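No hydrogens, no waters, no symmetry mates; every other heavy atom, side chains included, goes into these values. Heads up: numbering here begins at 1 and tracks the sequence. Predicted model only: the values in this text are computed from it and were never measured.
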Amino acid sequence: MSLASRTRLAALLATLAVGGAGVTTWAYGHGNAQAPATPEAVVRPSVTEGTVLQVVAHPDDDLFFMNPDLSRSISTGVEVATVYLTSGESDGRNEAHSPHLEDPAGPADHAAYAEARQNGIRAAYAQMATGNRTSAWQRKSIPTVGGGSVELDVLVARPEVNLVWMQLREARSISGDNPDSLRGLWDGRVSALGAQLASGSPVKPSFSYTREQAVEAIAEVFAMYRPTTIRTQDPTPGRSQGGGAFFDHQDHMYGARFVQAAAERYAKSADRPHFSVQNYVSYPNSALPPTLDPQAAEEKLGYLKTYAWTDHQDWCGSPAGCGDRKTATRPTGAGWSQTIRYSRGEGTSWMTEGVAGRLWAFAVLDGRMAYWSRGGPEATWQGPEFLPGSGIDAGATAVRLPDGRISVFATRTTLGTTPQKYGRELVYAVQAAPDGPFGPWQSLGTPDTDDISGTSAISAPSVALDRTGRATVYVRDSRRTLRARAQATPDGAFGAWQALGGAGLQGDPVTATDAAGRRHVFAATAKSVLAWVQPAPDAPVGGPFPTGLPATTGPLSTGSQGDGVRLYFRRPGTGTVATTLATAGGTAPAFSPVTETGGEGGYGAVGVAGHLLAGRAGTGTVGVSGPDGAPSWYESQMLYTGAPAAVTEPDGTAVAAALGLDAGLHVTTAPPAGSEPSGSRPPSSPWHRAVQPPTLAQAGRADSGWQR
């Protein structure tokens, strides 16, 4: 954390500690947000804290695929740094910047084009942070392992905003077979990958990295910034059937695998904070509905136009150009300016109730499954504790077994000692006894049997239990169809993978059971939602059935409601949350008319518990909807990662949870429906940290050789 950031945070904490001017102190008791204040009941509302580190393959991957998360993180004042693995030099031609080149069509100048993209990125970040694209930067070279160096840029007016340029050579092709690339380095087809230094960079001379050195250099950057949130691209976007082209740029995919390896190495280091990882969808967004509301999309497009140097004003004085003129021809990308999506961690079933009112919440920190627990309604949260084993991907699904034990499901990535051993599998762990320790991870393998190292694009699992406690796991495979694997007996072995059909499935499947014991399974496509339903309890699911529902933005949420299952989703282009009630009967499920259920704008999945909805508001903060579908979010002051979860306790109290950018669990509670007076007061307690964070001194960055 920079000195300026640490000073501001210390001042904020001091103000909160004494209940200073402008600070609202909330007090509440379980299920009663109007309980009188007591020293034990006082909580401090959550604010955005932590350190965000983004790692992308090319300059502009962050602007196209991680905004508005990026700009909103910068606006909070937390430390934000972005690492660019390659120079993005492409064919070396910055098209249409004729004032600076006599012949813009040739000859190629890779160093100059790389510099132009750097200039555009610095302008866009300066605009996001200060409103002025010409705001000054300090630039210097910092040595790394293996004789390499990175360029470090610090925004003078906002020194907590940093850019790190690793300047490796890009593949110069979306999917072409070029061994001299991140893909070739990962697969061992080249022993080292050289740099493509931008003209004007303080890094001199050139260098190259072996695979080991590249991983170590990225891990060094992690050690420098000590992030609590790492954002990167999708390491397993999949490919067309028959071993065809990847659905994403090869640099995006293999760059993310290098990030995985570096994060695994960094996680083994001592004296660091916990961190979460958020993966983002890139090129596949082109074929999916827009997720952002018009205002958010327009703001995002504005930063892209700054990067693309669309006004062509010579504000930077660089012969290479002040931005990326290739992007200027289409600053919206292939619809990317209207969209943001996460490729993992979109499930909302990671919190559940155990025995005697005990709650369990699960999230992946440091590549391991972490969990928090709360012993009862009046008890305090404890954690995080960790299950043994590493390599766990973002996202978790937790279910309560009939005897009160908890079972948690996830996916796990194996990097392997050779590229061919890279792959993902489904795993689960079960408590040995109610409230007892968890057993070891057990593997369910993967429904993908071909080209595992090249694809492994399976979804996170959705899990359903029958009345005896037998689990069935549903997952979207790399072919975008639904697959299932079920236990023969409670606590018994799982049978073979079953093919349940469907085509073009997106995101994670979801499931819930109605009051009659019939299971409903849903999965989104680019144009609608498909359903699978049991005609009777314990019968095989039928389907897929077309639902006739409109297009969604992808993430779905479900909840049981009487004789049916209620489905929640966001509408494309607005981000409002809509809902419908699915009921089984006849040969196909029936659906009630789609209605709006609160929350203008926003994106991502919503957690549902009774009358409470928790999700991302239009400003990016975590909020809750008002009762009876009020068309607005009651917002917090906290940005978060992943998706919220929510559960309803036996007395009707709703509890929602989210993982903050500080890698901490944050919670809110809402009283039972009908117990609160009407009015403008928020329908829940303030979001607050479930477990108090370590001291500021413990959270600070240890001294390293990197001075900024």
Report the C-alpha distance between H110 and R172 in whole Å, list the side-chain angles of each, state the deciding distance to 0.1 Å, and finish with yes or no for side-chain contact (heavy atoms from CB on, under 4.5 Å). CA-CA 11 Å; H110 295 98; R172 303 182 184 179; 3.4 Å; yes

Do we see a donor-acceptor contact under 3.5 Å between the side chains of Y225 and N162? yes

Which atom of V215 lies closest to which atom of R265, heavy atoms considered: CG1-CZ, 3.8 Å

Strictly distance-based, threshold 3.5 Å: is any side-chain N or O of W165 a donor or acceptor partner for the main-chain N or O of D153? no

Say whether Q260 and Y422, considering side chains only, have a donor N or O and an acceptor N or O under 3.5 Å apart. yes

Under 3.5 Å donor-acceptor, E425 side chain and T413 backbone: no

Anything under 30° is parallel, anything over 60° is perpendicular, the rest tilted; go ahead and classify H312 against W309. perpendicular

Enter the distance from L53:CG to M224:CE here, rounded to the nearest 0.5 Å. 9.5 Å

Classify the side-chain pair D69/Y280 by whether it contains a donor and acceptor separated by less than 3.5 Å. yes

So, R341 versus N285: side-chain donor-acceptor pair below 3.5 Å or not? yes

Centres of the F65 and H58 rings: under 6.0 Å? no

Do E115 and S199 have side-chain atoms, one donor and one acceptor, less than 3.5 Å apart? yes

Establish, from distance only, whether the side-chain atoms of T48 and Y640 form a donor-acceptor pair under 3.5 Å. no

Side chains of D61 and H252: donor-acceptor distance under 3.5 Å anywhere? yes

Pairwise distance CE(M253) to OG(S175) - rounded to 0.5 angstrom: 11.5 Å

Verify whether one side chain among T134 and R122 offers a donor that lies under 3.5 Å from an acceptor in the other. no

Using a 3.5 Å distance criterion without hydrogens, assess whether the side chain of Q138 forms a donor-acceptor pair with backbone atoms of V156. no

Quick one: pull up OH in Y84 and CG in D60 and give me the separation to the nearest 0.5 Å. 8.5 Å

Heavy-atom closest pair (G454 atom, F246 atom, distance to 0.1 Å) is O-CE2, 3.6 Å

For R479, is the CZ atom crowded, meaning more than 12 foreign heavy atoms sit under 6.0 Å from it? no

Side-chain donor-acceptor pair under 3.5 Å between S201 and E151, yes or no? yes

Nearest 0.5 Å, what's the OG-CZ distance between S459 and R480? 9.0 Å

Of all heavy-atom pairs between T553 and P290, which one has the smallest distance, and what is that distance? CG2-O, 3.7 Å

Begin from the C-alpha positions of D251 and R169 and carry the test salt bridge (Lys or Arg N to Asp or Glu O under 4.0 Å) through to its verdict. CA-CA 10 Å; D251 284 346; R169 188 188 191 278; over 6 Å; no

Quick one: does S173's side chain get under 4.5 Å of N178's, heavy atoms only? no

K300 charged N/C atom sitting above F64 aromatic ring, 6.0 Å / 45°: no

Beyond-backbone contact of F222 with V55, side-chain heavy atoms, under 4.5 angstrom: yes

If we count only N and O atoms by modelled type, under 3.5 Å, do the side chains of Y342 and T641 hold a donor and an acceptor together? no

Of all residues at least two apart in sequence or in a different chain, which pass the side-chain contact (heavy atoms from CB on, under 4.5 Å) check with D662? E49, H666, R689

Polar side-chain atom of Q167 near backbone of A114 as donor-acceptor pair, under 3.5 Å: no

Do Y113 and D324 get their side chains close enough for a donor-acceptor pair, meaning under 3.5 Å? yes

Are any of the side-chain heavy atoms of E299 and L292 separated by less than 4.5 Å? no

Taking the side chain as C-beta and beyond, is there a heavy-atom pair between E79 and V52 under 4.5 Å? no

In terms of heavy-atom contacts, T51 and R226 come closest through CB-O, 4.1 Å

Whether T310 side chain and T306 backbone form a donor-acceptor pair below 3.5 Å: no

Closest non-hydrogen atoms of T228 and A663, given as atom of the first, atom of the second and distance, are O-CB, 3.8 Å

Looking at R133, K305, R325, which hits salt bridge (Lys or Arg N to Asp or Glu O under 4.0 Å) with D311? R133

Side-chain heavy atoms of T144 within contact of E220, under 4.5 Å: yes

T332 and Q338: side-chain donor and acceptor closer than 3.5 Å? no

A side-chain contact here means heavy atoms from C-beta on lying under 4.5 Å apart; do N67 and L304 qualify? no

Any chance you could lay out the side-chain contact (heavy atoms from CB on, under 4.5 Å) test for T339 and V281, step after step, and finish with the verdict? CA-CA 10 Å; T339 296; V281 175; over 6 Å; no

Given 3.5 Å as the limit, does a donor-acceptor pair link the side chain of T229 with the main chain of L661, or not? yes

For the side chain of T621 and the backbone of L639, is there at least one donor-acceptor N/O pair under 3.5 Å apart? no

Do the side chains of S90 and E170 get nearer than 4.5 Å, heavy atoms only? yes

Crowding at NZ, K326 (>12 non-hydrogen neighbours, <6.0 Å): yes

Kindly indicate, with the supporting measurements, whether the criterion side-chain contact (heavy atoms from CB on, under 4.5 Å) is fulfilled by I218 and L85. CA-CA 9 Å; I218 300 169; L85 298 180; 3.8 Å; yes

Only residue of D451, D450, D448 satisfying salt bridge (Lys or Arg N to Asp or Glu O under 4.0 Å) with R239 is D451

Looking only at non-hydrogen atoms, find the nearest pair between S149 and S141 and report the distance. CB-OG, 3.5 Å

Determine whether T130 and L155 make a side-chain contact, defined as any pair of heavy atoms from C-beta on separated by less than 4.5 Å. yes

How long is the span from the CD1 atom in I174 to the CZ atom in F247, to the nearest 0.5 Å? 14.0 Å

Verify salt bridge (Lys or Arg N to Asp or Glu O under 4.0 Å) between R158 and E160, making sure each step is shown before the conclusion. CA-CA 5 Å; R158 292 279 303 277; E160 70 274 15; 2.5 Å; yes

Could you measure the distance from the OH atom of Y307 to the CG atom of L63? Nearest 0.5 Å is fine. 7.5 Å

Please check if any side-chain donor atom of T411 sits under 3.5 Å from a side-chain acceptor atom of R424, or the reverse. yes

Distance only, no hydrogens: is a donor on one side chain within 3.5 Å (strictly under) of an acceptor on the other, for Q54 and T82? yes

Just by distance, do the side chain of R211 and the backbone of W186 share a donor-acceptor pair under 3.5 Å? yes

Under 3.5 Å, is there a donor-acceptor pair between the side chain of R183 and the main chain of A171? no

Will you find, in the side chains of D366 and Y266, an N or O donor that is under 3.5 Å from an N or O acceptor? no

Just by distance, do the side chain of S318 and the backbone of C322 share a donor-acceptor pair under 3.5 Å? no

